[in-house]
Amino acid sequence: MSVLKSNLEFTKIITFLKDIGIDIVEKELDEATFLPGLSLGSNCIFIDLEKLEYPGDILHEAGHLAVTTPLERHQIGTENMSKDWPSQGEEIATMLWSFAACKHLELPLEYVFHAGGYKGSSNWLMDNFSSGNYIGLPFLEWTQMALSIEKAHEHNKPAFPEMIKWMRE
């Protein structure tokens with residue numbers, strides 16, 4: 001646990017998430033979780049440091065919170081949350097949000113898009129995102145979180161992978 005807490009990448013991620021309004025709660029997770037050592041709650045990420053296998057997964061889970069509407073964000077982990085959450089569009093936007101966060105935090109893409117995740121598509125995702133094929137950008141534009149190069153020039157704002165805002169309103 002102390003090795004992970006002193007890890008520079010881990011510290012960068014936790015600080016960033018707290019700065020954008022995502023709470024991090026360290027606790028023992030008894031139940032099996034989709035990603036080892038991680039679970040989502042109402043606008044927070046529960047982290048079991050003893051079970052966490054890939055610290056970069058924290059950014060992916062944060063992306064789910066970030067691209068979800070504020071109302072749904074507060075319903076995560078409750079019986080009020082839709083059984084269809086996240087939508088396929090939100091899942092794709094989450095991956096792209098994670099890419100933007102990696103760039104912002106100056107983390108290697110492999111830290112989030114590791115070989116143990118993304119159903120064997122990690123390299124494909126990294127190749128696409130690194131070459132400017134931003135699958136999911138229309139969703140981030142629709143939510144007014146990011147802009148394509150064309151729209152950024154139109155509005156005199158930064159283009160993706162810079163984000164206009166990190167949390168969906």
Side-chain angles (χ1 to χ4, degrees), residues 4 7-24 34-35 37-41 43-47 52-74 76 85-169:
L4 184 59
N7 179 297
L8 180 61
E9 291 89 356
F10 179 81
T11 303
K12 276 179 149 179
I13 290 170
I14 299 306
T15 301
F16 168 70
L17 296 180
K18 288 179 180 178
D19 287 348
I20 65 169
I22 295 176
D23 294 325
I24 304 300
F34 183 73
L35 294 174
L38 294 172
S39 184
L40 292 177
N43 200 46
C44 73
I45 301 173
F46 297 112
I47 301 176
L52 183 64
E53 288 183 23
Y54 299 103
D57 286 345
I58 297 167
L59 274 182
H60 179 84
E61 292 303 283
H64 280 298
L65 293 170
V67 304
T68 299
T69 66
L71 174 63
E72 288 178 316
R73 193 177 304 134
H74 290 286
I76 294 171
W85 181 85
S87 69
Q88 288 181 346
E90 288 168 327
E91 185 65 47
I92 293 167
T94 294
M95 289 183 248
L96 193 58
W97 185 96
S98 300
F99 170 80
C102 275
K103 292 295 195 182
H104 176 75
L105 296 171
E106 299 178 343
L107 297 173
L109 294 180
E110 296 81 7
Y111 192 74
V112 172
F113 298 96
H114 54 82
Y118 301 94
K119 300 178 183 175
S121 297
S122 297
N123 287 333
W124 182 82
L125 288 165
M126 288 187 292
D127 290 346
N128 273 278
F129 295 158
S130 296
S131 67
N133 185 16
Y134 299 135
I135 306 155
L137 186 54
F139 186 96
L140 293 179
E141 284 184 307
W142 177 69
T143 59
Q144 300 176 356
M145 296 174 74
L147 292 172
S148 65
I149 290 174
E150 299 80 21
K151 290 185 181 172
H153 287 303
E154 258 178 55
H155 299 285
N156 199 28
K157 294 194 176 186
F160 188 85
E162 287 189 54
M163 299 290 286
I164 295 170
K165 55 187 168 189
W166 288 102
M167 299 292 284
R168 184 174 176 184
E169 295 174 351

**Asked** Is there a side-chain contact (heavy atoms from CB on, under 4.5 Å) between Ile13 and Leu105 once you walk through the steps?
**Response** CA-CA 8 Å; Ile13 290 170; Leu105 296 171; 4.1 Å; yes
Which heavy atom of [X] sits nearest a heavy atom of [Y], and at what distance?
{"X": "Leu96", "Y": "Gly136", "answer": "CD2-C, 3.6 Å"}
{"X": "Trp85", "Y": "Glu90", "answer": "CD1-OE1, 3.5 Å"}
{"X": "Arg73", "Y": "Arg168", "answer": "NH2-O, 2.7 Å"}
{"X": "Pro161", "Y": "Ala100", "answer": "O-CB, 3.4 Å"}
{"X": "Ala62", "Y": "Ile22", "answer": "O-CD1, 3.7 Å"}
{"X": "Ile135", "Y": "Phe129", "answer": "O-CE2, 3.8 Å"}

Considering only heavy atoms from C-beta outward, does the side chain of [X] approach that of [Y] to under 4.5 Å?
{"X": "Phe10", "Y": "Tyr111", "value": "yes"}
{"X": "Glu162", "Y": "Lys157", "value": "no"}
{"X": "Leu52", "Y": "Pro55", "value": "yes"}
{"X": "Thr69", "Y": "Thr143", "value": "no"}
{"X": "Glu9", "Y": "Lys12", "value": "no"}
{"X": "Ile164", "Y": "Gln144", "value": "no"}
{"X": "Asp57", "Y": "His114", "value": "yes"}
{"X": "Lys18", "Y": "Asp23", "value": "no"}

From [X] [atom1] over to [Y] [atom2], what is the distance, rounded to the nearest 0.5 angstrom?
{"X": "Leu109", "Y": "Leu125", "atom1": "CG", "atom2": "CG", "value": "10.0 Å"}
{"X": "Glu110", "Y": "Asn123", "atom1": "CD", "atom2": "CG", "value": "8.0 Å"}
{"X": "Lys103", "Y": "Ser98", "atom1": "NZ", "atom2": "OG", "value": "13.5 Å"}
{"X": "Asp19", "Y": "Ile14", "atom1": "CG", "atom2": "CD1", "value": "11.5 Å"}
{"X": "Lys165", "Y": "Leu140", "atom1": "NZ", "atom2": "CG", "value": "11.0 Å"}
{"X": "Asn133", "Y": "Asn128", "atom1": "CG", "atom2": "CG", "value": "4.5 Å"}

**Verdict with supporting geometry, Glu91 and Gln88, side-chain contact (heavy atoms from CB on, under 4.5 Å)** = CA-CA 5 Å; Glu91 185 65 47; Gln88 288 181 346; 5.5 Å; no
**Request:** Apply side-chain contact (heavy atoms from CB on, under 4.5 Å) to Met163 and Leu147, showing your working.
**Result:** CA-CA 8 Å; Met163 299 290 286; Leu147 292 172; over 6 Å; no
**Other residues, nucleotides, ligands: >12 heavy atoms within 6.0 Å of Ile149 CD1** =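 Result for CD1/Ile149: open.
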**Asked** Relative to each other, are the rings of Tyr118 and Phe113 parallel, tilted or perpendicular (30° and 60° limits)?
**Response**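 The rings of Tyr118 and Phe113 sit tilted, inter-plane angle from 30° to 60°.
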**Prompt:** Between Trp166 and Phe16, how do the two ring planes meet: parallel, tilted or perpendicular, split at 30° and 60°?
**Reply:**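 Perpendicular: the ring planes of Trp166 and Phe16 meet at over 60°.
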